[in-house]
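Some notes on the structure that comes next.
These numbers were taken from a predicted model, which means no experiment stands behind them. For the numbers below, each heavy atom of this structure counts, side chains included, while hydrogens, waters and symmetry mates do not. Letters go in sequence order (proteins before strands), and every chain restarts at 1.
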Amino acid sequence: MANRRANPEPFTEVTENAQLFADERVRVLLPLPLGEAYDYALPPGMTVEAGSIVEVPLGQRRVTGVVWDATPAGGKVAAEKLKPVIRVFDVPPLPEVGRRFVDWVAAYYLAEPGTVLKMSLSAPAALEPPVPTVGYLRGEGDPEALGLRLTPARRRVLSVLADGPPRPAAELAREAGVSAGVIKGLADAGVLERVAMYDAPGFEVPADAPEGPALSESQAAAARSLSAKVRDGFSVTLIDGVTGSGKTEVYFEAVKAALRQGRQVLVLLPEIALSAQWLERFAARFGVAPAVWHSECTQAQRRATWRAVARGEAPVVVGARSALFLPYPDLGLVVVDEEHDQAFKQEDGVPYHARDMAVVRARLGGFPAVLVSATPSLESLENVRAGRYDSVHLPERHAGAQLPDIEAIDMRADRPPPIQGHGQSFIAPSLRDAVGETLAAGEQALLFLNRRGYAPLTLCRACGHRLQCPNCTAWLVEHRLVDSLQCHHCGYMARVPQSCPECGAEHSFAACGPGVERLHEEVKALFPEARVALMASDTVTGPAAAARFIESVQNREIDLLIGTQIVAKGNHFPYLTLVGVVDADLGLAGGDLRAGERTYQLLHQVAGRAGRAERPGRVMLQTYEPVHEVIQALVSGDRDRFLAVEAENRRKAGMPPFARLAALILSSPDEAAVDAVARALARAAPQGEGIEVMGPAPAPLAILRGRHRRRMLLRTRRDIAPQPLLRDWLRQVEVPGKVRLSVDVDPYHFL
DNA sequence: AGCACGCCGACT
DNA sequence: GTCGGCGTGCTC
């Protein structure tokens, strides 16, 4: 049931101390890639202030923009050419700190300010006044005096309304057990009064939440120190603690401290859509649900949340990275949970890193940022080491549960035997036995394989032809569940052909290597009795499906779960005691800068799914390289030594976090045109002490969506900001329209 | 980002 | 002869 309230909704007050513009010229930043704010004429009688959200004409259309800074002196566009501001929206102005943040992000990532602003204006419907529902109250009119017969139905309506708040007709009719006609009749006669009702945001989080669970000494100390920081302006603290060490409980105390100060709190999660468990935890602690913001929110939810945030009526927002750009009037704490997660790096649109920008937002707003992880990023650890960030260690596992025992299976010695009728198999005998024992004990097992579909490569046995994407330099992956071939890079889909497109041989395709669907097949052959479920992004479509899956595992309706990294994210399965990582080497190939770090983080997180209740967990890693430092680190549990080695390798190689990188990606359907621009860029490359340019080279995905791609990499010493170099560099090179040049500052992926 | 203006193929 | 394809370019 929606919360409603009868107080008037519209926002009309003028912000205190606001500098109202009386000039006839205002600068308006539009959420478009225009390079700069445009000047508009302010019609007589209309007043705006910096941050006012306005509608202006642009060419043939009307767009929403934000009055950006103080009135420009003069301006380069002649006053006669200025078009007038059409209207000012009746919402609070975008706060000063939010505007500075947009400018900061745009400058850092060399993006157009307008494209960054677009992320702040992401709920257009929120700007329009809400449409009220009609509510009914007991009115002045006396039924007797009006000569109205008090039928039992009418009497029930009046008695329902006697005690309380106004209700919409449908609700009132249901409560009183009458038809809508009775209510309408009473209202028309004047016995009931009609009032406008607005959906209340319902995001209020009490500042005096009940006491949480008892904290251990170290947790309590950490909580106290974080809570104290909430009063002390900007700081960054890394909470570094293993799964189950109570990190969430600790930062909840900081949330509570910020709420007590009357300030807003933002918690960023990597994939909010999959974190129903986090929301339950929050609700259990604070008694209410927080405002939620992510890409899967409906238009109505976005509208309500944006509005509530802007009006200061959403004390706690939990969201994906884009929640950083909401118009908080008084943000007082930002928490980045799972701070190492690469999902915080946005790759399309403006490529920004939400963890880093959360720190920037905290600095601009003068409040603390808290980064949380069981496997912190090397960046954050280096910031701690250098004294830029504080850190809090939460060593012990809470409530006596044991860390899982991790072992490596050497696949060279413990080879999976072929299965009749299935060809290759991928589960080593020792893992198979362990799964058998686990199921026999009535416990659950998870087989983790971070590869969607049936097989990563399909080829023709007759001629060796490999099924390739027509638009990309990538193999097509067969998805048997939906009977299609898919490109995981561009979304291309096709039916599996009957015969080889190259040699025409019939039924000649052979699957190479495992995907989760193929693993599923093998598992069904090995454990025909087990109830098996497959969890991948194509079987889990959206948060509701994810919640159903998780629930069925928790209810023990499933014995054996097969999943991609979608299962790694923060789900708690109390009866899961065995995790088998089918291909622990998978992420290590390819020579990516962060391959080792990422694989360690992912497998550590997957391993954490095992044995979280009172049952001890067991984790088995299938590997062809058991001596690899990542595998060794997981098996020995010596995370810090691994990170030290990894950091030392990066330092020696002159790579982040000990240097700065920026990638240039050129793309065009016309290969010659891309190469011409690449050569021109190479000629104009910046030079100097501590500056290095690599490339151009074909990108690892040399053709993506039909566009030829070239990469260049600028590397600078940590103390040299790459942005001025990049700006200077790009200014010198003419880029024809059909060639796209994008800049990725602090790149994470090297595709 | 839209939307218009602008030059080349299949249709009333 | 027009309707319409989407390639370039502008929007205060």
When we call it a touch if two heavy atoms are under 4.0 Å apart, what does A/P31 touch: a base, just sugar-phosphate, or nothing?
-> nothing
Show every donor-acceptor pair shorter than 3.5 Å between a side-chain atom in residues 733-741 of chain A and any protein atom, with sequence neighbours excluded, or say none if there are none.
{"residue": "A/K738", "atom": "NZ", "partner": "A/D670", "partner atom": "OD2", "Å": "3.0"}

Reckon A/L34 touches a base, only the sugar-phosphate, or nothing at all at heavy-atom distances under 4.0 Å?
-> base
Quick one: list whatever passes side chain to side chain donor-acceptor pair (under 3.5 Å) with A/Q732, sequence neighbours left out.
-> none
Which is true for A/L82 with a 4.0 Å heavy-atom rule: it touches a base, it touches only sugar-phosphate, or it touches nothing?
-> sugar-phosphate
Hey, which sits more toward the 5' end of DNA chain B by its nearest nucleotide, A/Q60 or A/T115?
-> A/T115
Identify whether the distance between the nearest side-chain nitrogen and carboxylate oxygen of A/R99 and A/D69 falls below 4.0 Å.
-> no
With sequence neighbours excluded, tell me which residues meet side chain to side chain donor-acceptor pair (under 3.5 Å) with A/E671.
-> A/R710
Set of side chain to side chain donor-acceptor pair (under 3.5 Å) partners for A/H479, sequence neighbours left out = A/H488, A/D538
Which pairs pass salt bridge (charged side-chain N to carboxylate O under 4.0 Å, His left out) with one or both residues in residues 353-365 of chain A, sequence neighbours excluded?
-> A/E339-A/R355
Nucleotide interval of DNA chain C bounded by contacts with chain A (heavy-atom cut-off, under 4.0 Å) | C/dT11 to C/dC12
5' to 3' on DNA chain B, which nucleotides open and close the contacts with chain A (atom under 4.0 Å from a heavy atom)?
-> B/dA1 to B/dA4
Sequence neighbours excluded - ring pair (Phe, Tyr, Trp, His ring centres under 6.0 Å) pairs with any residue from residues 28-48 of chain A | none
The complete set of salt bridge (charged side-chain N to carboxylate O under 4.0 Å, His left out) pairs with one or both residues in residues 102-129 of chain A, sequence neighbours excluded, reads A/R87-A/E128
